[in-house]
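One structure is given here, and the rest of the page talks about it.
Residue indices begin at 1 and follow the sequence shown.
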Amino acid sequence: MAAIYSLYIINKSGGLIFYKDYGSAGRMDTNDTLRLASLWHSMHAISQQLSPIPGCSGIELLQADTFDLNCFQSLTGNFQLEYSEKLDVWCWRLDKDGQLEPKPFCELVMGGLVLLGTKVFVVSEPGTLHMEYLLKYVYELYTDYVLKNPFYEMEMPIRCELFDINLTQAVQKDRVALLGR
């Protein structure tokens, strides 16, 4: 049985830009994968808002009896919303130097820090350890082979052979490492 069932990459708008099935028992059709990605994006955003502690980055691990869902979210697209006395909404974005800069518009959320970056999530066997390292490595592959590709258009589905090859190698190495557990 494979330790990793499937891998998803979602853009900051909640659109599925990459999906790979690694032998899960219940294969989903394209519409189901799109729905799952959109649902996860929404649940992740809601969890940030529901947190009683400011600065929550959302759900990182969802455990069920038959699978674990691990999520990594990039730190690109951090926004801080402030409410003025006139109830005008101001949107602030972190620039390259980590300084807040005003933005004229943004996604309206009821206060707090809102993370709008790319999400990578993996569905795996229950109790699979150290998935956060795999997720971060997948994100590194994404930045190295997809974002640096001059032919790739942001927020569009990923069609990059070098990314696919290196991702397959990373997952195979992870499976081999997990066999020893």
Side-chain angles (χ1 to χ4, degrees), residues 3-22 24 26-83 89 91-94 98 100 103 105-143 146-147 152-158 163 167 170-171 174:
I4 298 169
Y5 298 136
S6 54
L7 182 135
Y8 301 77
I9 301 177
I10 306 172
N11 64 23
K12 65 183 179 183
S13 304
L16 181 66
I17 58 174
F18 185 83
Y19 167 71
K20 187 77 168 182
D21 189 308
Y22 293 102
S24 60
R27 292 188 185 257
M28 295 186 295
D29 65 10
T30 304
N31 287 333
D32 289 340
T33 58
L34 292 170
R35 276 192 290 271
L36 178 64
S38 177
L39 179 65
W40 179 252
H41 175 75
S42 300
M43 286 176 38
H44 200 270
I46 291 168
S47 71
Q48 291 174 344
Q49 296 172 16
L50 289 177
S51 173
I53 300 170
C56 174
S57 61
I59 301 170
E60 293 179 2
L61 173 63
L62 176 69
Q63 294 179 313
D65 58 342
T66 58
F67 69 93
D68 285 353
L69 190 151
N70 293 269
C71 182
F72 169 77
Q73 179 167 297
S74 70
L75 297 178
T76 57
N78 291 341
F79 290 90
Q80 179 72 38
L81 296 180
E82 291 182 5
Y83 292 90
V89 178
C91 182
W92 300 86
R93 179 178 173 267
L94 292 175
L100 289 174
K103 292 297 268 180
F105 59 88
C106 68
E107 181 179 293
L108 179 61
V109 180
M110 297 305 292
L113 182 67
V114 182
L115 296 173
L116 299 173
T118 302
K119 292 174 198 61
V120 178
F121 70 95
V122 171
V123 179
S124 63
E125 287 182 348
T128 305
L129 301 175
H130 309 296
M131 292 307 293
E132 64 273 5
Y133 299 118
L134 176 66
L135 291 170
K136 288 178 183 176
Y137 186 69
V138 170
Y139 184 73
E140 286 179 23
L141 292 175
Y142 170 72
T143 58
V146 177
L147 295 182
Y152 177 70
E153 293 183 38
M154 292 297 293
E155 309 297 318
M156 297 303 292
I158 298 170
F163 175 73
L167 178 63
V171 170
D174 194 60

So, using side chain to side chain contact (heavy atoms under 4.5 Å, CB included) as the criterion, who are the partners of [X] when residues are at least two apart?
| X | value |
| --- | --- |
| F18 | L7, I9, K20, I158, F163, D164, L167 |
| L147 | Y142, T143, Y152, M154 |
| F67 | Y5, A64, L69, V123 |

Test your reading of the model: is there a side-chain donor-acceptor pair from [X] to the backbone of [Y], 3.5 Å cut-off?
| X | Y | result |
| --- | --- | --- |
| S74 | G117 | no |
| S51 | Q48 | no |
| S38 | R35 | no |

Search all heavy atoms of [X] against all heavy atoms of [Y] and return the closest pair with its distance.
| X | Y | result |
| --- | --- | --- |
| I59 | C71 | O-CB, 3.7 Å |
| K119 | Q73 | CE-OE1, 3.0 Å |
| I17 | E155 | CG2-O, 3.6 Å |
| S47 | G58 | OG-CA, 3.3 Å |

Inset, instruction - Could you grab the distance from atom OG of S57 to atom NE2 of H44, nearest 0.5 Å is fine? - result: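 S57 atom OG to H44 atom NE2 measures 6.0 Å (nearest 0.5 Å).
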
Legend entry - CG on L135 to NE2 on H130, rounded to 0.5 Å: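 One gets 13.0 Å once the value is rounded to the nearest 0.5 Å.
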
Inset, instruction - For atom CE of M156, decide whether the heavy atoms of other residues, nucleotides or ligands shown that lie under 6.0 angstrom number more than 12. - result: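 Count not over threshold, so no.
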
Close side-chain approach of [X] and [Y], heavy atoms under 4.5 Å:
| X | Y | result |
| --- | --- | --- |
| D68 | M131 | no |
| S124 | N70 | yes |
| L134 | I4 | yes |

Legend entry - Ring centroid separation F121 to W40 under 6.0 Å: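 F121 vs W40: aromatic centres under 6.0 Å.
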
